[in-house]
Amino acid sequence: MFSAPSASAASSGTTGADPGRGILRPVAVLLVSGLVAAAALVGAGPAAADDTSRQHGGAAAVLDGLKTFDSAVLRIAGEGGAPARTQELPAGLFEMTVDGGGKLKTYCIDLHNPTQDQAKYLETPWAETSLGTNRNAGKIRWILQHSYPQVDDLAALADAAGTGPLTERTAAAGTQVAIWRYSDNADVTASDKQAEKLADWLQRSARQEKEPRTSLTLEPAAVSGRAGEPIGPVTVRTAAGQVSVSPPVDAAASGVRVTDKKGAPVTEASDGDRLYFAVPKDTADGTASLTVQATTSVPVGRAFAGTGRTQTQILAGSSESTVSARATATWAETGAAPAVTARKNCAKGGVDVTAANRGDEPFTFELAGEEHTVAAGGTSTVTVPVAEDQAYDVTVTGPAGFSRTFTGVLDCATSGSVLEQASEEAGGAGNDVGTQSAERSVPATTGSASSGLEGDLAATGGSSATPMLAAVAIGLLVVGGGAVFALRRKKPHTDGE
């Protein structure tokens, strides 16, 4: 099992690397501004940003870079009769530092999308990543469970795969190569012979596995009702044995408590427990949030998506890490009592905005320039279309200044999966990564000739090769304009606008 690495383990050595192998050529790092949204929900009043991925809860982490890796060769098919070309790139394990404590090890499942230095990542359901529409997603999880670092006895792994001696670097490279063949449909081979044998064995042996359960989430992330009545339930879903429950920050002043169904105060909970907000009768209309937190190992195979434009990762190992989730309650004395949530819908290519109304009057809200009405006691879901790889900013507005805003980036497909679909539609085999895609999103690497493979996919500067990298970037990368949904309610003329 994986434990938090020591300082020496985190550094890249040269163990297992053949001195005669070619030095990895540096290519440009694509820098795209990330959207890091606040996670606060506010009642009647100004709009508040809320990252939809944050609503799921779980682990949040910052990318530390590529730490244990060797080289691989990507074959890029020629177009219009042109010969295929190859590109050398690093393949192996990334590390992340978890907010609140803990370390994660991950592999890339988004080959053509470069990383960002210190990118922010959130634990994310498969359905909201390229894994949701990848029929081989379960095989990727099998690979993770049966290879390095979950199998840290390299002699036993080499014996099972029939590879010959493996090092941490070659084991990580072989595992990453096998994953890329399923995540990106990439024609990629490991440079090291033993690593390539491992990749072939893992690819042949892989079987379908189910998506692992979330480390921690609350369902739903928003509820509503009347003061004086239990508001909920909010169900705890967790892989941890037990979680701590924190009441609203102003609980002492407001009197809002977190209870079970019988009204007893709750400070700890387990998987499947139902929590309620107890709001004193005659409390003024408003909102309150509860937070749950635990320290646990995040299940292997959980996806991690960036809050901005950066390559999606999949978990290969976890130390004991801090995970958390939050849910918000809204109450009103009379009229509508809305609870609004949002989540990415990769199958439909957009963001699902769901409004539940637990009041005694219909709730009418504006979204994407159209009005929608939810009957008292009803629920309605509206899908807002968003282009692949684009940022979105979706706002729901309603009576009495009601406003909820959800932001993020829709990243539901890899370049490989897009090309595979296009190839299938054209009757082709769909086994190669196209030149156009590779030029649009080059795998990001940095380093210098003296460091060989000791580069870092997430590094963004500091190398003596920086001027050359800038020139290569200009020649290779074409960055499309980001279409952003600005779906905000117009203010009254009395605002003077």
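Because only heavy atoms are used, hydrogens play no part in the values below, and waters and symmetry mates are left out as well, while side chains stay in.
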> OG1 of Thr106 to CD of Glu95: how many Å apart, nearest 0.5 Å?
Replying inline: 9.0 Å
> Looking at side-chain heavy atoms only, is the closest gap between Pro212 and Trp126 below 4.5 Å?
Replying inline: yes
> Less than 4.5 Å apart, any side-chain heavy atom of Asn113 and any of Asp411?
Replying inline: yes
> Please walk me through it: do Arg141 and Glu211 pass side-chain contact (heavy atoms from CB on, under 4.5 Å)?
Replying inline: CA-CA 8 Å; Arg141 189 189 180 201; Glu211 177 180 6; over 6 Å; no
>> Looking only at side-chain N and O atoms, does Glu320 offer a donor or acceptor that is under 3.5 Å from a partner on Thr296?
In response: no
> Is there a side-chain contact (heavy atoms from CB on, under 4.5 Å) between Val351 and Phe406 once you walk through the steps?
Replying inline: CA-CA 9 Å; Val351 177; Phe406 306 93; 5.5 Å; no
> Where do Thr312 and Phe304 come nearest, in terms of heavy atoms and distance?
Replying inline: CG2-O, 3.4 Å
>> Less than 4.5 Å apart, side chain to side chain, heavy atoms only: is that true for Tyr148 and Leu93?
In response: yes
>> Side chains of Asp99 and Thr322, heavy atoms from C-beta outward: is any pair under 4.5 Å?
In response: no
> What is the distance from atom CD1 of Ile140 to atom OG1 of Thr175, rounded to the nearest 0.5 Å?
Replying inline: 12.5 Å
> Okay, side chain of Ser319, backbone of Lys103: is any donor-acceptor separation there less than 3.5 Å?
Replying inline: yes
>> Treating Ser321 as the side-chain partner and Gly102 as the backbone partner, does any N or O pair qualify as donor plus acceptor under 3.5 Å?
In response: no
> Without hydrogens or angle criteria, can the side chains of Asp64 and Thr97 be said to hold a donor-acceptor pair below 3.5 Å?
Replying inline: yes
>> Set out, in order, the CA-CA distance, both residues' side-chain angles and the distance that settles side chain to side chain donor-acceptor pair (under 3.5 Å) for Thr115 and Thr310, then state yes or no.
In response: CA-CA 5 Å; Thr115 60; Thr310 187; 5.2 Å; no
> If we only count heavy atoms from C-beta on, is the Thr414 to Leu111 side-chain gap below 4.5 Å?
Replying inline: no
> Just by distance, do the side chain of Asn134 and the backbone of Tyr182 share a donor-acceptor pair under 3.5 Å?
Replying inline: yes
> Is there side-chain contact between Cys108 and Gln313, with heavy atoms separated by less than 4.5 Å?
Replying inline: yes
> Is any side-chain heavy atom of Leu74 closer than 4.5 Å to a side-chain heavy atom of His112?
Replying inline: yes
> Any chance the side chains of Thr291 and Ser246 put a donor and an acceptor closer than 3.5 Å?
Replying inline: no
>> How close do Gly301 and Leu144 get, counting heavy atoms only, and between which atoms?
In response: CA-CD1, 3.8 Å
> Can you name the nearest heavy-atom pair linking Pro233 to Pro220, along with the distance?
Replying inline: O-CD, 3.6 Å
> Counting only N and O atoms by type, is there a donor-acceptor contact under 3.5 Å from the side chain of Ser147 to the main-chain atoms of Ile143?
Replying inline: no
> Between Leu154 and Thr167, what is the shortest heavy-atom contact and its length?
Replying inline: CD1-C, 3.5 Å
> Looking at CD of Glu123 and OG of Ser324, how far apart are the two atoms once the value is rounded to the nearest 0.5 Å?
Replying inline: 10.0 Å
> Rounded to the nearest 0.5 Å, how far apart are CG of Leu63 and CG of Leu104?
Replying inline: 10.5 Å
> Going from CD1 on Ile109 to OG on Ser130, what distance comes out if it is rounded to the nearest 0.5 angstrom?
Replying inline: 4.5 Å
> Under the 3.5 angstrom rule, does the side chain of Gln116 hit a backbone N or O of Arg309 as a donor-acceptor pair?
Replying inline: yes
> Are the charged groups of Arg237 and Glu219 less than 4.0 angstrom apart, N to O?
Replying inline: yes
> Given the rule in the salt bridge (Lys or Arg N to Asp or Glu O under 4.0 Å) test, do Glu196 and Arg181 qualify, once you have shown the distances and angles that lead to the verdict?
Replying inline: CA-CA 12 Å; Glu196 174 62 12; Arg181 292 173 183 175; 2.9 Å; yes
> If you take all heavy atoms of Ala59 and Val98, which pair is closest and at what distance?
Replying inline: CB-CG1, 4.5 Å
> Would you say the side-chain atoms of Gln150 pair up with the backbone N or O of Gln145, donor to acceptor, closer than 3.5 Å?
Replying inline: no
>> Let's go through Gln208 and Asn136 carefully: what are the C-alpha distance in whole Å and the side-chain angles of both, what is the deciding distance for side-chain contact (heavy atoms from CB on, under 4.5 Å) to 0.1 Å, and is it a yes or a no?
In response: CA-CA 7 Å; Gln208 291 288 354; Asn136 291 314; 4.2 Å; yes
> Roughly how far apart are Cys346 SG and Leu131 CG, rounded to 0.5 Å?
Replying inline: 9.5 Å
> Where do Leu198 and Thr170 land on the side-chain contact (heavy atoms from CB on, under 4.5 Å) test, with the steps shown first?
Replying inline: CA-CA 9 Å; Leu198 175 62; Thr170 56; over 6 Å; no
>> Side chains of Arg302 and Ser215, heavy atoms from C-beta outward: is any pair under 4.5 Å?
In response: no
>> When you measure from the side chain of Ser205 to the backbone of Trp201, do you find a donor-acceptor pair of N or O atoms at a distance under 3.5 Å?
In response: yes
> Which atoms form the tightest heavy-atom contact between Ala199 and Gly174, and what is the distance?
Replying inline: CB-O, 3.3 Å
> Going by atom types only, do Thr328 and Ser289 share a side-chain donor-acceptor pair under 3.5 Å?
Replying inline: yes
